[in-house]
Amino acid sequence: MAQMENSQLDMARKIEEKGVSEIAAESRPAYHLSSPVGWMNDPNGFSLYQNEYHLFFQYHPFSKVWGPMHWGHCKSRDFVRWEYLPIAMAPDESYDQGGCYSGSAIEVAGEHVLLYTGVTDRYLEDGTHDYCQVQCMAKGDGLNYSKYKGNPVIDGGSLPERGSKEDFRDPKIWKEGECYYLVVGNRNADGDGQVLLYRTDNLEQWEFLAVLDESKGEYGKMWECPDFFPLGNRWILMVSPQDMRAKGYEFHNGNNSVFIYGNYDKSSYRFEREKVASVDYGLDFYAPQTVQTADGRRIMIGWMQSWDAKITNDFCNWSGMMTLPRELILNEGKIYQSPVRELERYRKNKIEYAGKIISERTALDGIRGRVIDLQVDITEFDFHYFTIHFAYSEEYEMLLQYNHLRKCLTIDRTHSGLVRDVVCRRKMAAEPSVSETQKETLTLRLLLDRYSVEVFLNGGERVMSAIFHTPMEADGIVFDSDGMACINVVKYDICV
Ligand code: FRU
């Protein structure tokens, strides 16, 4: 058996090594983590281990579509430059043969401890389908990991009454005092999502403590990939619900990721929900996870793709990328997200314009590119629509359009070169912020990285992320308005 286990992981590692060597650096994002080879989904095990940030991910290196899940692995010192490491885990045990699903990691006494979901998915001789999800542990040195002999560490026997053994996944661990806690996603008998809280002092025997929160028919069905952390004077439960219905501009159909703001009483394990809001309002964002840095920042990374759209490039053997890690800050009761400040070190070739009047299609000298950090501040609003065309050529364009009457921002990838009938447009609420002198400004910061854009509104008050696979020669940027806008523009190239 031990022989078999090694060979499955070794085989996957060989496939990966060969695949990565065949992909040119220019055919993947420059400063966003992308799949080494084949398919990638959720970020996993985002953690600080021996002074480096490790990130694992759901991974199927054998093809560009989802398949039996491995844990891919990489690390970084600054969240911008990532080093690929060999695959950490393959689904090679009886309790995880159906996949090593999402989970988390923590450093304990010099060891790197991984908690993940093991899936059993097989048909028995009598024709029954044997399917369940359990929580498992592996330990390693930052490079090689061994699964714990006593796995699983949490199985269906510990579930609260009416908890599902089939939908029980994605443990996120943290330490508090002498104990370790984890939250894990689950579904109850009504089909509602819920988050369960567990505790241990030895990592091996876990005790179920409480149901922290549940969807109660309102926020989708199964709650995937929970995370739970203090931010400012609140606790935030972050979950990714499946099967949601669209609601205004706040939520869209299908898989969403939400911040549940609340208060948490540690002695009674009660979480009191205050409000729920989307994490990202774009087309491609799911399953975010956070890590706390050595200097105390709360940094979040998400998978920049959508389960329903699953658009991918047709020119290269990788599929899937992550957002740039973002710092979360609670400001006047609202979470702001900003690109990690480490990115600023890679900004070069600054080009700046102040007080530019835009009343027709306007290109500005030097403002172009696909690997850039672009800030556009609108300071005069004598228009209905203001539009930024980017990844632009005669044939292609991505659109970001601000509607000043309706106070909303639309991202549109209809003409980005897609040949599939997927969702191409999404809107979010967007209002200018007002300074002490009553001056209105709407700030848009666009991070472009070849095949993706992340748009930060008003210093990260709301964010929208989207991917597109427009040919790289479409690198123009054009501003337009149907009236008169006044803008300030700052552009940097990102040189990694
Ligand atoms: C979320 C998810 C997780 C699961 C993983 C499987 O995208 O469905 O709940 O662990 O992906 O790859």
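In listed order, ligands and their atoms are each counted from 1. Heads up: numbering here begins at 1 and tracks the sequence.
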Tell me, please, which residues at least two apart from Arg28 pass salt bridge (charged side-chain N to carboxylate O under 4.0 Å, His left out). none
Do Ser47 and His112 have a side chain donor and acceptor closer than 3.5 Å? yes
Would you please say whether a donor-acceptor pair under 3.5 Å links the side chains of Arg426 and Tyr249? no
N/O separation below 3.5 Å, Arg169 to ligand 1: yes
Side-chain H-bond candidate by donor/acceptor type, Glu166 with Gln133, under 3.5 Å: no
Can you find an N/O atom of Asp42 closer than 3.5 Å to an N/O atom of ligand 1? yes
Numbering the atoms of ligand 1 from 1, which are under 4.0 Å from a heavy atom of Ser102? 5 (C), 10 (O)
Would you say the side chain of Tyr264 lies within less than 4.5 Å of the side chain of Phe228, judging by non-hydrogen atoms? yes
Using a 4.0 Å cutoff against the non-hydrogen atoms of Met69, which atoms of ligand 1 qualify? 12 (O)
What atoms of ligand 1 come within less than 4.0 Å of a heavy atom belonging to Tyr286? 1 (C), 7 (O)
Side-chain (Tyr451) to main-chain (Pro471) donor-acceptor, under 3.5 angstrom: no
At what distance is the nearest protein heavy atom to atom 6 (C) of ligand 1, and which residue and atom is it? Gln58 OE1, 3.2 Å
Among non-hydrogen protein atoms, atom 8 (O) of ligand 1 lies closest to Glu224 OE2, 2.8 Å
Contact check, Thr117 vs ligand 1, heavy-atom distance below 4.0 Å: no
Asp96/Lys147 ion pair, N-O < 4.0 Å: yes
Got an N/O contact under 3.5 Å between Asn41 and ligand 1? yes
Considering heavy atoms of the protein only, find what lies nearest to atom 10 (O) of ligand 1 and give residue, atom and distance to 0.1 Å. Asp170 OD1, 2.6 Å
Quick one: look at Trp303 and ligand 1, take heavy-atom pairs under 4.0 Å, and tell me if it's side chain, backbone, both or neither. neither
Answer with yes or no whether the side chains of Ser306 and Asp308 bring together a donor and an acceptor at under 3.5 Å. no
